Chemist: 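The following block contains the structure, expressed as C-alpha cells.
Because the structure is predicted, anything quoted here is derived from the model rather than measured.
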Amino acid sequence: MSKKSAFDTVHQQGSMGSKIVVALERISEAFRVLLWNEGKAEGLSPLQVQFLIFLLHHPDGEKRKVGHLAAEFNMTKATVSDAVKTLLSKGLVVKMPDPADQRSFSLALTAEGGALASRASHFSSEIQTPIEQLSEDDQANLLLHLLGIIKHLNRAGVITVQRMCYNCAHYRIQGSGHFCQLMNTPLQASELRVDCPEHEVVIG
C-alpha cells in the first residue's frame with residue numbers, strides 16, 4: 001500500500017505527523033510572503049533579499065562567493081549568478097577580487113545594500129513573535145525537534161550546508177546532554193546553535 005500524502009485532508013484527520021507537515025508548509029509560505037513583501041518595493045525577488053541578509057550577517061569572504069551561496073541556498077551557480085547580476089546592477093553589492101586568484105571574487109554590500117539588508121533582516125518578526133511567547137522550556141523543546149528535522153534533511157541530501165551543533169566536529173553527546181569541545185563546556189538545549197561561526201565540518 002502506498003504511503004498517504006500529508007496533504008490528503010481525509011488522512012490528515014488521523015495523522016498528527018501529517019498535520020505538523022502541513023503546518024510547517026504554511027509557515028514556509030509565510031516566509032515567502034514576508035520576503036516578497038520586503039523586496040517588492042525595491043524590485044527584488046525573495047532570493048535576492050535573502051542574499052543581502054546573508055551577506056550582512058556573514059563577513060567571512062569565502063561565504064560571500066557565488067559557489068558558496070549556491071551551496072548555502074541549494075541553488076545552481078547559474079541561478080545565483082543571475083540573482084547577483086541584479087544586485088550588482090542596482091548598486092547593492094560590489095565584487096571584491098580575490099588576491100590569491102584573479103578569476104575569483106567575493107561580494108560586499110554597498111552602503112545602500114547594507115542599509116536595505118539591515119531593514120530587511122527583520123522580515124521574520126511576525127513569525128518570531130508567537131515563538132517568543134512560548135515558555136523557555138517549550139522553546140527549547142521546539143528547537144531540539146527542529147534541529148532533528150534539519151539533521152535528517154541534511155543527511156538525506158535535501159539541504160546541504162548546515163552549520164549547526166549536531167553536525168559539527170566540536171559537538172559531542174555527554175551522558176544525556178550536549179557538549180562543545182571547542183568551548184569545553186556542556187550546552188543547554190537553548191544554547192545549541194543553528195548557524196555557528198565556529199562550526200567545523202565533520203571529516204569522514
Side-chain angles (χ1 to χ4, degrees), residues 28 31-32 34-125 146-147 150-172 180-184 187 191-204:
S28 72
F31 272 103
R32 288 193 291 270
L34 291 168
L35 280 166
W36 181 261
N37 289 341
E38 201 65 48
K40 64 183 179 182
E42 307 293 336
L44 299 176
S45 70
L47 180 62
Q48 288 160 351
V49 175
Q50 285 181 291
F51 285 172
L52 292 176
I53 295 171
F54 182 85
L55 293 173
L56 177 67
H57 295 289
H58 295 82
D60 181 355
E62 286 301 311
K63 292 185 176 71
R64 292 164 165 257
K65 293 184 176 181
V66 168
H68 182 88
L69 289 173
E72 181 79 28
F73 290 90
N74 300 282
M75 302 279 179
T76 64
K77 285 187 178 181
T79 298
V80 173
S81 294
D82 285 345
V84 167
K85 284 178 184 176
T86 298
L87 297 177
L88 288 165
S89 68
K90 289 180 174 290
L92 300 174
V93 300
V94 293
K95 292 181 180 180
M96 303 293 289
D98 184 341
D101 183 359
Q102 292 302 310
R103 297 169 301 175
S104 180
F105 64 89
S106 59
L107 297 167
L109 294 168
T110 62
E112 183 181 356
L116 196 160
S118 183
R119 294 193 303 272
S121 64
H122 298 286
F123 81 93
S124 62
S125 60
L146 291 174
L147 287 174
I150 294 169
K151 180 180 179 181
H152 170 81
L153 294 172
N154 181 228
R155 286 186 170 180
V158 177
I159 51 178
T160 51
V161 178
Q162 299 302 320
R163 290 178 296 277
M164 62 182 186
C165 290
Y166 281 1
N167 64 351
C168 178
H170 302 302
Y171 174 78
R172 295 289 183 273
C180 177
Q181 289 187 313
L182 179 65
M183 296 187 293
N184 193 32
L187 299 172
E191 296 175 305
L192 293 174
R193 295 181 178 184
V194 182
D195 188 357
C196 178
E198 284 83 35
H199 182 276
E200 288 191 20
V201 177
V202 176
I203 306 298

Chemist: Return the CD to SG distance between Gln162 and Cys168, rounded to the nearest 0.5 Å.
Modeler: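 Going from the CD atom of Gln162 to the SG atom of Cys168 covers 13.0 Å.
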Chemist: Restricting to non-hydrogen atoms, name the atom on Leu109 and the atom on Ala117 that form the minimum distance, rounded to 0.1 Å.
Modeler: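 So the two residues come closest at CD1-CB, 4.3 Å.
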Chemist: Considering all heavy atoms of both residues, which atom of Glu112 and which atom of Gly91 are nearest to each other, and what is their separation?
Modeler: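 Looking at all heavy atoms of both residues, the closest pair is OE1-O, 4.3 Å.
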Chemist: Evaluate the side-chain proximity of Leu44 to Leu92: yes if any heavy-atom separation is below 4.5 Å, no if none is.
Modeler: yes
Chemist: Would His58 and Asp195 count as a side-chain hydrogen bond (donor to acceptor under 3.5 Å, both in side chains) if you check the C-alpha gap in whole Å, the side-chain angles of each, and the deciding distance to 0.1 Å?
Modeler: CA-CA 10 Å; His58 295 82; Asp195 188 357; 2.8 Å; yes
Chemist: Kindly give the heavy-atom pair with the smallest separation between Met75 and Leu47, and that separation in Å.
Modeler: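 Closest heavy-atom pair between Met75 and Leu47: CE-CD1, 3.9 Å.
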Chemist: So which heavy atom on Asn74 is nearest to which on Val158, and how close?
Modeler: OD1-O, 3.9 Å
Chemist: If you measure from CG on Leu35 to CD1 on Ile53, what distance do you get to the nearest 0.5 Å?
Modeler: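 One gets 6.0 Å once the value is rounded to the nearest 0.5 Å.
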Chemist: Ignoring hydrogens and geometry, is there a side-chain-to-backbone donor-acceptor pair from Asp98 to Phe105 under 3.5 Å?
Modeler: no
Chemist: Measuring from Glu38:CD to Leu116:CG, what's the distance to the nearest 0.5 Å?
Modeler: 7.5 Å
Chemist: Determine whether Met96 and Arg64 make a side-chain contact, defined as any pair of heavy atoms from C-beta on separated by less than 4.5 Å.
Modeler: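 The answer is no, as the side chains (C-beta and beyond) never meet within the 4.5 Å cut-off.
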Chemist: Without placing hydrogens or testing angles, list every side-chain donor-acceptor pair under 3.5 Å for residues 78-88, not counting sequence neighbours.
Modeler:
unit_1: Thr79; atom_1: OG1; unit_2: Thr76; atom_2: OG1; d: 2.9
unit_1: Ser81; atom_1: OG; unit_2: Lys77; atom_2: O; d: 2.9
unit_1: Thr86; atom_1: OG1; unit_2: Gln48; atom_2: NE2; d: 3.4

Chemist: I'd like to check Tyr171 versus Met164 (side-chain heavy atoms, cut-off strictly below 4.5 Å). Are they in contact?
Modeler: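 They are not in side-chain contact.
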Chemist: Run the numbers on Arg163 and Glu72 for side-chain contact (heavy atoms from CB on, under 4.5 Å), then give the verdict.
Modeler: CA-CA 10 Å; Arg163 290 178 296 277; Glu72 181 79 28; 2.7 Å; yes
Chemist: Return the CG to SG distance between Leu187 and Cys180, rounded to the nearest 0.5 Å.
Modeler: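 Here the interatomic distance stands at 5.5 Å.
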Chemist: Does Arg172 have more than 12 heavy atoms from other residues, nucleotides or ligands lying within 6.0 Å of its CZ?
Modeler: yes
Chemist: How about NE2 on His152, more than 12 heavy atoms from neighbouring residues, nucleotides or ligands closer than 6.0 Å, or not?
Modeler: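 No, NE2 of His152 has 12 or fewer neighbouring heavy atoms, counting only those of other groups under 6.0 Å.
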Chemist: Does the side chain of Ser118 come within less than 4.5 Å of Leu56's, by heavy atoms?
Modeler: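 Side chain of Leu56 against side chain of Ser118, heavy atoms only: contact under 4.5 Å found.
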Chemist: Look at the side chain of Asn167 and the backbone N and O of Lys151, then say whether any donor-acceptor pair between them is shorter than 3.5 Å.
Modeler: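 Checked: no pair found.
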Chemist: Quick one, Phe123 and Gln50 - any side-chain contact, counting heavy atoms below 4.5 Å?
Modeler: no
Chemist: Measuring from Gln181:CD to Met183:CE, what's the distance to the nearest 0.5 Å?
Modeler: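 Taking CD in Gln181 and CE in Met183, the distance rounds to 11.5 Å.
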Chemist: Run the side-chain contact (heavy atoms from CB on, under 4.5 Å) test on Arg119 and Glu42 for me, step by step, so that the C-alpha distance in whole Å, both residues' side-chain angles and the decisive distance to 0.1 Å come before the verdict.
Modeler: CA-CA 12 Å; Arg119 294 193 303 272; Glu42 307 293 336; 4.1 Å; yes
Chemist: Distance from Asp60 atom CG to Ser106 atom OG, nearest 0.5 Å?
Modeler: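 The OG atom of Ser106 is 9.5 Å from CG of Asp60, to the nearest 0.5 Å.
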